[in-house]
Colleague: 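Pasting a structure below so you can have a look.
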Amino acid sequence: MTGRNDSAFVNRIQKAINRAIKEWARILPWPTLETVDTITHTGGRYLYLPGNISKLIWLVDKTNKLDIPASSRVWDRDYTSSYANDTTGRAVEHEDAGISCVTTDVSGPIAMYSTDESDVTGYYIVGKTEYTPGEGVTLPDAYKEYSITEELSSNGMTPVTSTANFVSVESISKTADTSGAIIIECGDCIVGMVGPLESQSAYRKIALMQIPSAGTQFLYKGYLEPADLTETNQSPPPTIDPDFLIWRATADVYWQL
């Protein structure tokens, strides 16, 4: 065993097993992953569900007592006037628009802090910021957007702020588990959160056909992402095929090596 970091190797295997479990759960979710919850719409085209929701099963408008079915996707090819013109009213259909790292657009510096004073870790922000022109640079290149990655060092419950003024963000992550939740702000608005055992800020983004009023209550049922195994003696969910788990995790580790 000399010359190998056994702790790092075990950690690599553990991560590979967790990725295999999540892959199985997306294809064949088991009943205990089902969850029902309520969320309040804050306005705009999109509804943001927690990032640990891997799939939306159904959506109901509790305020107006309406079922919001999944889109037939007809309007992807032939937009209705109500969607194209951003008509407001009751939502009539929804479509999964993927994962977003924040719940609203950002404009300016990003600030982050923990809900626990003992947390000391690193944060990474990947996004676009307005280009600062140098001498001799001409328009339109002077004001084009470009992607950057900024790293911040946390200071417990004291906010730390990016030096860049972001116009959009692609991902916000932390380097280690924390005792508290990491709160993400832009200006005076909380735009995201990273849980203690989560690695990045993530929200499932649901596109709504017709924009409902802010404050509309939605009830949803979805499948949760399975929680990571954090100890080497934990057992994976019994519904997973052992052969799949072993060979998928082994292939993952070999690919990394």
Colleague: Are Phe218 and Leu224 joined in one hydrophobic group, where the rule is that I, L, V, M, F, W and Y side chains link up if heavy atoms are under 4.5 Å apart?
Modeller: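 Yes, Phe218 connects to Leu224 through the hydrophobic network.
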Colleague: Count I, L, V, M, F, W, Y as connected when their side-chain heavy atoms are under 4.5 Å apart, and connections chain through other members. Are Phe244 and Leu229 then in the same cluster?
Modeller: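 Both belong to a single hydrophobic cluster.
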Colleague: Counting only heavy atoms not in Trp247, do more than 12 fall under 6.0 Å of its CH2?
Modeller: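 Counting other residues, nucleotides and ligands, CH2 of Trp247 stays at 12 neighbours or fewer.
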Colleague: Using a strict 4.0 Å threshold on nitrogen-to-oxygen distance, state whether Asp96 and Arg204 make a salt bridge.
Modeller: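 Yes, Asp96 and Arg204 are salt-bridged.
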Colleague: Can you list the steps and then say if Thr63 with Thr216 is a side chain to side chain donor-acceptor pair (under 3.5 Å)?
Modeller: CA-CA 6 Å; Thr63 300; Thr216 300; 4.9 Å; no
Colleague: Please answer: with hydrophobic residues joined when any side-chain heavy atoms are less than 4.5 Å apart, are Leu49 and Ile99 in the same cluster?
Modeller: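 In one cluster: no.
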Colleague: Side-chain contact, heavy-atom cut-off 4.5 Å: Tyr46 with Ile206?
Modeller: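 They are not in contact (no side-chain heavy atoms under 4.5 Å apart), so the answer is no.
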Colleague: For the atom pair OH (Tyr123) and CG (Leu152), what is the distance rounded to the nearest 0.5 Å?
Modeller: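 Taking OH in Tyr123 and CG in Leu152, the distance rounds to 8.5 Å.
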Colleague: Out of the candidates Met193, Met112, Met157, only one should pair with Ile183 under the side-chain contact (heavy atoms from CB on, under 4.5 Å) rule; please name it.
Modeller: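 So the option named by the test is Met193.
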Colleague: Any pair with a residue in residues 19-28 that passes side-chain hydrogen bond (donor to acceptor under 3.5 Å, both in side chains), sequence neighbours left out, goes on the list, sorted by first then second residue, please.
Modeller: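 For residues 19-28: Arg19-Asp252, Lys22-Asp228, Glu23-Arg248, Arg26-Glu225.
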Colleague: Please step through side chain to side chain donor-acceptor pair (under 3.5 Å) for the pair Gln217 and Thr40, ending with a clear verdict.
Modeller: CA-CA 5 Å; Gln217 291 279 316; Thr40 302; 2.5 Å; yes
Colleague: Determine whether Ile57 and Tyr223 make a side-chain contact, defined as any pair of heavy atoms from C-beta on separated by less than 4.5 Å.
Modeller: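 In short, these two side chains touch, coming nearer than 4.5 Å.
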Colleague: Treating Ile, Leu, Val, Met, Phe, Trp and Tyr as nodes and any side-chain heavy-atom pair under 4.5 angstrom as an edge, say whether Leu245 and Leu33 lie in one connected cluster.
Modeller: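 Yes, same cluster.
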